[in-house]
There are 2 protein chains.
Amino acid sequence: MELKKIYTQFEPELLELLEEKGMHKTFAAGEVILRTGQYIKSTALILSGRVKIYRENEEGGEFLMYFLQAGQACAVSMICALQADTSEIMAKAEEETEVLLVPVELMESMMTKYRSWYQYVIQTYRSRFDEMLTVVDHIAFQNMDERLEFYLKRYAEQTGKKMLELSHQQIADDLNSSREVISRLLKKMEQQGRVKLHRNLVEVVK
Amino acid sequence: MELKKIYTQFEPELLELLEEKGMHKTFAAGEVILRTGQYIKSTALILSGRVKIYRENEEGGEFLMYFLQAGQACAVSMICALQADTSEIMAKAEEETEVLLVPVELMESMMTKYRSWYQYVIQTYRSRFDEMLTVVDHIAFQNMDERLEFYLKRYAEQTGKKMLELSHQQIADDLNSSREVISRLLKKMEQQGRVKLHRNLVEVVK
DNA sequence: TGAGTCCCGTGACCAATGTCACATTACCAC
DNA sequence: GTGGTAATGTGACATTGGTCACGGGACTCA
């Protein structure tokens, strides 16, 4: 995908600069883009695909925070990039994903020179922070059934599909739960006519 | 407290500007500084005291995220201020707290003009984001006893005291739990010789 | 010193969720 | 088709943490 088609708010000059200095890279589905503890040398702008941002626990559970899609950027990579620091989270391509890697050295000058970039960075922080707040709310205040419901709803919205290609195990991992619990809750939802269950596939009815 | 004694990294010119345009304000212990949904018109730099950043649930529970102290600023107020947006969190003075309120209009020009301010803002985002990650980790992966332990440890560190003036109910609120549960866990810790319990007071032993 | 209030201790019980064991089913490769 | 494998269904049980009920202790204020 072309940068300027997605990031329409950027000045032409900024777009040129990004194209000139940035590096295009494509990640296959399932490939890890950023690893906990990894040193960050660039900020990733997403051009296509979908990236899962998650936190790993000791047993390798992948607790989902949020997804990133075209037009979004990894706030963590921005913050870290600005200080050439290490990351505390994991990022993985959920499907084939195209990114533009912008070298960390450019960050500061772009911030001062291009208003649209400045706005974009600020807005990115803001959105990610809000998303983190939502995550906290959910795990602090909600039961698993409500969280599952939100999860499916968001997943359907973000992929634009009603057929979610997910195994119960995957869902359990994302919610830091266990397969049996998810199976039971899904079954209950099916009995209430809110989903239909198939192998490796959850169909959202409403 | 004087601004320049705390924010020693700021350029003299920036300090002057802040003193000139900023407004000093003191909040009494327990006073709410920022409310969910409140429109934000300025960024708060903390000069003295301690501020509790928390999330309110439906029943008025005050789920603790983190504390801010002298030299720190509210990242949320910065982000929101930059877009003159509303807040999603609550901030309350835990003890008498002195802040400098910097009008939102200054933010963008200061970002481009003063490198130390730019660095400070970035670093603030970074720290708060990390703190949010820690919160998520704890509520997602840990049991109440581990969370309680971390809570007491952090509280002791941040106040520099071993005598924590906290009722069991307050602790329960901060951890989104119930008094009975906290009482039981504290009792267990006392039996293990890790704390001593008094009325309205938890003494950290180690 | 006595009443009132807040804080804390504690047992009984319940709901949500995690764990274990094992059966069943769907799909794939041959 | 057949065998194998991964996904799902399900009952039994354990654990954690929340709720309820109530008792007792400590501090306050008149």
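By convention in this document, chain letters (A, B, ...) are assigned in the order of the sequence lines, proteins followed by strands, and residues within each chain are numbered from 1. Keep in mind the model is a prediction, meaning the values are calculated, not measured.
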| said: Taking CD in B/E56 as the centre, count heavy atoms belonging to other residues, nucleotides or ligands within less than 6.0 Å. Is the count above 12? | reply: yes
| task | Establish, with yes or no, whether the OP1 or OP2 oxygen of C/dG18 is under 4.0 angstrom from a side-chain nitrogen or oxygen of A/S177. | result | yes
| remark: Whole-Å distance, A/Q169 CD to D/dT5 P, equals 19 Å
| Integer-rounded Å distance: D/dC27 P and B/L201 CG | 11 Å
| Is any side-chain N of the basic residue among A/D137 and B/R55 closer than 4.0 Å to the acidic one's carboxylate O? | yes
| task | Could you give me the CA-CA distance, side-chain angles and deciding distance for B/L166 and B/Y151, then say whether side chain to side chain contact (heavy atoms under 4.5 Å, CB included) is met? | result | CA-CA 12 Å; B/L166 291 164; B/Y151 174 86; 3.9 Å; yes
| Can a cation-pi geometry be assigned to A/K153 and A/F150, taking NZ or CZ under 6.0 Å from the six-membered ring centre and within 45° of the ring axis? | no
| field | A/L197 CG - D/dG9 C1' separation (whole Å) | value | 11 Å
| message | Nearest heavy atom decides the nucleotide; on that basis, is A/V181 or B/L166 closer to the 5' end of DNA chain C? | response | B/L166
| How would you list, by chain and number, every residue that makes a salt bridge (charged side-chain N to carboxylate O under 4.0 Å, His left out) with A/E131, sequence neighbours excluded? | A/R128
| Taking the side chain of A/M144 as heavy atoms from C-beta outward, which of C/dT10, C/dG18, D/dT16 is closest to it? | C/dG18
| request: Return the value, rounded to whole Å, for the distance between atom CD of A/Q191 and atom C1' of D/dT10. | output: 12 Å
| Of A/I171, A/V202, A/D174, which meets side-chain contact (heavy atoms from CB on, under 4.5 Å) against A/I182? | A/I171
| said: Given C/dC7, C/dT10, D/dA6, identify the nucleotide with an atom nearest to the side chain of B/S183. | reply: C/dT10
| said: Rounding to an integer number of Å, can you tell me how far B/E165 CD sits from C/dC7 C1'? | reply: 15 Å
| Counting distance only, does the side-chain N/O of A/T97 pair as donor-acceptor with the main-chain N or O of A/R50 below 3.5 Å? | yes
| What integer distance in Å separates B/K188:NZ from C/dC8:C1'? | 17 Å
| Could one point to a donor on the side chain of B/R184 or the base of D/dT19 with an acceptor on the other under 3.5 Å away? | yes
| said: What is the separation between atom NZ on B/K187 and atom C1' on D/dG24, rounded to the nearest whole Å? | reply: 13 Å
| A/H198 side-chain N/O to D/dA7 phosphate OP1/OP2 under 4.0 Å | no
| message | Reading DNA chain D from 5' onward, which residue's closest nucleotide shows up sooner: B/L185 or B/E180? | response | B/L185
| Side-chain-base donor-acceptor pair under 3.5 Å for A/R179 and C/dT17 | no
| said: Are there over 12 heavy-atom neighbours, none belonging to B/E31, within less than 6.0 Å of that residue's CD? | reply: yes
| note | Double-helix bend of the helix from C/dT1-D/dA30 to C/dC30-D/dG1, axes at both ends from 5 pairs, round to 10°, gives 30°
| How would you label the contact of B/D145 with the nucleic acid (heavy atoms, under 4.0 Å): base, sugar-phosphate, or nothing? | nothing
| field | Options D/dA7, C/dC6, C/dC8, nucleotide nearest the side-chain atoms of B/H168 | value | C/dC8
| said: Over all strands shown, is B/S178 touching base, sugar-phosphate only, or nothing at heavy-atom distances under 4.0 angstrom? | reply: base
| Which whole-number value in Å describes the distance from B/F141 CZ to C/dG18 P? | 12 Å
